[in-house]
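Presented below is the structure to which this report refers.
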Amino acid sequence: MPIDATRVESPGWWLQRLGKRLLDERADSFVEGERIVGLDTLQAYAEGRPPLPYIPGVDPREVKEWMHDARTNWVSLVIDSPTERMGVDGFRFGNSKDKDAEDGSDAKPAKSSKAADEEANRIWQENSMDSDSDLVHYGAMSQRRAFVLVEKGDDGRPVLTHETPRQMIVEHAQGNRRKLAAGLKLWRDDWTGQTRATLWLPDRIYDFTTKSNNPVFGTRAATLKQWDAVILPNSPDGSRTNELGQVPIVPFVNRRNRRPEGFAEHEDILAIQNRINVSLINLIAAMKYGAFRQRWAAGLEVDEDPVTGEKIQPFQLDIRKLWTVGDSEAKFGEFAATDLKPYIAAVESAVQDLAAISRTPPHYLLGQVVNVSGDALKAAETGLVSKVRDRQRAFGESWENVMRLAFKVLGDESKATAWDAETVWRDPESRSISELADAAVKKKAADVPWRQRMEDMGYTPSQIDRMEVDRAADALNAQAAMEAAAPPAAPPGAAPDNRPVIGRGKAPDVALAA
């Protein structure tokens with residue numbers, strides 16, 4: 001049955017609106033004469049598949065063959081460098097009180113801060129987010145944004161799923177960038193051979209399906225004839241209640257300051273990558289056709305092939321042979337080889353521009369690290385570390401929203417509204433073990449708590465918890481050993497033992513009897 005798309009904010013209206021935006025964003029577009037690359041182009045560059053450069057006078061098929069050898073994917077390094085330094089170690093919740101408890105009701109007290117931290121870590125581990133969080137960070141940096149879908153599993157526990165902008169899109173409420181009005185996921189179902197779509201609204205969830213491999217969304221279509229509601233036993237009209245009361249999708253937007261919908265990490269260096277590719281192709285052409293010293297000879301009589309009539313080469317290049325001619329007037333010479341240094345300098349200059357704009361350490365790109373001090377390396381990585389910390393601030397807020405949604409799935413309203421939650425990030429700066437230990441000793445002198453010192457040394461919350469148990473066990477064992485080594489206590493009412501104690505370097509308190 002055709003789906004109505006005329007009524008504003010109806011399920012069909014949202015399907016048409018969000019579906020068109022999702023498909024349009026994959027292709028390149030032009031805004032005021034400027035080309036805005038789409039998600040397909042961004043993905044091609046990230047995977048090392050840039051467009052072939054145009055080289056005058058060279059067959060495009062030959063350029064394509066050379067590209068396999070000349071291609072150097074600097075774009076991938078620009079994305080990987082900050083991603084590999086963004087690790088989530090855990091979450092920290094403040095000591096917020098239960099709202100119902102503050103009102104004096106008989107509600108159960110809220111979980112303690114430590115219990116909330118442990119529950120958040122359990123949710124994190126259950127969903128394999130130690131590895132999948134890297135996919136979220138990389139996806140946001142390479143595709144402008146990524147998403148995490150929070151749902152209730154069959155066992156009632158939260159299920160966190162990484163989603164890509166090629167399949168998912170959201171729209172915020174009018175005038176409110178912090179509240180989502182709708183979310184849509186569009187994907188190909190390989191099992192049934194159909195295209196599926198799921199629409200999330202704050203109150204309802206709708207499922208749609210179509211047999212079309214490449215669905216098209218028109219801007220003025222009154223009905224979506226190719227789409228049908230998914231009929232299930234528990235949802236005869238293809239919809240079900242949204243128990244969370246909000247769109248359960250959390251966007252991770254990269255570089256929102258450059259563009260509200262996100263800006264990829266390599267989006268402003270694509271032209272530099274193209275320039276590097278052209279320089280490398282020219283370098284290979286010069287190496288292939290101009291680097292060899294061409295020989296020439298004058299005053300020679302060259303024989304012809306009696307069958308073909310073509311000139312016969314009188315000499316073959318061979319280090320073991322000597323060239324001789326009978327004519328004393330003959331001359332030999334060679335042309336100078338093409339100088340490859342300008343081509344190499346052009347590549348290095350473009351790479352330096354790429355390093356400056358992307359704030360990637362130069363030694364990552366050029367590999368020129370010889371007798372460089374640790375302070376110099378840290379100074380070279382300052383830009384990268386600052387960039388990572390900036391991304392951590394933005395992504396940290398998104399991870400905290402994910403955890404609040406997860407607690408809402410569990411029915412813990414106090415933690416679902418815990419605005420004092422904090423994401424614990426791994427230190428993005430490179431530090432040696434001795435530096436961390438020295439800093440911990442100085443922080444101890446400044447009365448910094450033990451757990452905070454261990455966190456600053458790079459240990460995860462789980463490791464710190466185990467260390468705390470081990471510290472308590474060590475303290476009990478040490479106390480038991482001291483009590484075992486102490487002399488037995490005198491019985492009640494016995495006179496104190498005033499016998500002198502004689503030891504090395506200690507004078508007796510009383511004179512010994514003769």
Side-chain angles (χ1 to χ4, degrees), residues 28 34-39 41-51 53 67 70-86 137-145 253-284 340-395 425 427-431:
D28 296 354
E34 182 180 356
R35 175 170 171 262
I36 304 298
V37 298
L39 298 181
T41 301
L42 290 176
Q43 182 177 358
Y45 273 94
E47 295 176 355
R49 297 182 288 104
M67 196 67 179
R71 181 174 55 197
T72 303
N73 190 13
W74 300 105
V75 165
S76 177
L77 180 60
V78 170
I79 303 173
D80 290 339
S81 297
T83 303
E84 65 186 11
R85 298 196 179 208
M86 296 187 64
H137 300 154
Y138 182 87
M141 291 185 176
S142 61
Q143 296 276 286
R144 297 188 181 127
R145 60 189 176 277
V253 183
N254 189 61
R255 303 174 74 178
R256 194 194 297 267
N257 56 340
R258 291 292 297 271
R259 191 184 295 138
E261 60 270 21
F263 198 82
E265 208 63 40
H266 59 298
E267 198 162 345
D268 51 0
I269 61 170
L270 300 183
I272 300 178
Q273 179 69 65
N274 292 337
R275 196 166 74 216
I276 293 174
N277 293 339
V278 172
S279 301
L280 290 174
I281 290 293
N282 289 331
L283 175 61
I284 285 186
L340 302 180
K341 291 183 179 179
Y343 298 95
I344 298 175
V347 173
E348 292 180 348
S349 175
V351 171
Q352 290 174 358
D353 291 343
L354 184 144
I357 293 178
S358 65
R359 288 189 289 175
T360 303
H363 58 275
Y364 277 30
L365 300 168
L366 302 176
Q368 299 175 352
V369 181
V370 179
N371 295 329
V372 179
S373 65
D375 293 338
L377 287 177
K378 285 187 177 182
E381 295 181 357
T382 299
L384 175 61
V385 173
S386 299
K387 179 170 69 173
V388 172
R389 294 190 188 279
D390 178 73
R391 307 299 183 267
Q392 286 177 344
R393 283 190 292 270
F395 293 166
W425 292 94
D427 189 1
E429 190 171 353
S430 300
R431 303 177 190 271

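- Note that the OG atom of S279 and the CD atom of E348 stand 11.0 Å from one another [nearest 0.5 Å].
- Taking 4.5 Å as the limit, every side-chain heavy atom of V253 sits out of range of all side-chain heavy atoms of R144.
- V351 places a side-chain heavy atom less than 4.5 Å from the side chain of W74.
- Between F395 and H137, the angle of the ring planes stays under 30°, which puts this pair in the parallel group of the 30/60° scheme.
- The side-chain hydrogen bond (donor to acceptor under 3.5 Å, both in side chains) search around R275 returns D353, not counting sequence neighbours.
- Annotation: side chain of S142 is not in contact with side chain of L42 (no heavy-atom distance under 4.5 Å).
- Ion pair R258/D268 flagged as a salt bridge, since at least one NZ, NE, NH1 or NH2 atom sits closer than 4.0 Å to an Asp/Glu carboxylate oxygen.
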Show your working on side-chain contact (heavy atoms from CB on, under 4.5 Å) between I79 and M141 and close with a plain yes or no. CA-CA 7 Å; I79 303 173; M141 291 185 176; 4.2 Å; yes
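- Taken to the nearest 0.5 Å, the CZ atom of R145 stands 11.0 Å off from the CG atom of N254.
- Residues Y138 and Q143 fail the side-chain proximity criterion, which asks for heavy atoms closer than 4.5 Å.
- Taking 4.0 Å as the cut-off between side-chain N and carboxylate O, R256 and E261 do not count as a salt-bridged pair.
- A350 and I276 make their closest contact through CB-CG1, 3.5 Å (heavy atoms, listed as atom of the first residue, atom of the second, distance).
- When all heavy atoms are compared, the tightest approach of E381 to P361 is CG-CG, 3.9 Å.
- Remark: the backbone N or O of T360 is not paired with any side-chain donor or acceptor of K387 at under 3.5 angstrom.
- Atom CG in L384 sits 9.0 Å away from atom OG in S358 (nearest 0.5 Å).
- Salt-bridge annotation for D80 and R85: absent, with no side-chain N of the basic residue lying under 4.0 Å from a carboxylate O of the acidic one.
- Taking 4.5 Å as the limit, every side-chain heavy atom of D28 sits out of range of all side-chain heavy atoms of I36.
- Residues A46 and S76 come closest through the heavy atom pair O-CB, 3.9 Å.
- A donor-acceptor contact closer than 3.5 angstrom links the side chains of Q43 and E47.
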Please test V78 against I269 for side-chain contact (heavy atoms from CB on, under 4.5 Å), starting from the C-alpha separation and ending with a verdict. CA-CA 9 Å; V78 170; I269 61 170; 3.6 Å; yes
Checking Y343 against L280 for the side-chain contact (heavy atoms from CB on, under 4.5 Å) test, could you report, in this order, the C-alpha distance in whole Å, the side-chain angles of both residues, the deciding distance, and whether it holds? CA-CA 8 Å; Y343 298 95; L280 290 174; over 6 Å; no
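- A 4.5 Å side-chain heavy-atom check between V388 and M86 finds at least one atom pair inside the cut-off.
- Side-chain contact between N277 and P50 is present, with at least one heavy-atom pair separated by less than 4.5 Å.
- Put simply, the side chain of R359 reaches to within 4.5 Å of the side chain of S386, judged on heavy atoms.
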Evaluate the criterion side-chain contact (heavy atoms from CB on, under 4.5 Å) for residue pair N73 and L77; output intermediate values, then yes/no. CA-CA 7 Å; N73 190 13; L77 180 60; over 6 Å; no
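- Salt bridge annotation for E267-R259: present, with a cationic side-chain nitrogen under 4.0 angstrom from a carboxylate oxygen.
- Ring to ring, H266 and Y45 are not that close: their centroids are 6.0 angstrom or more apart.
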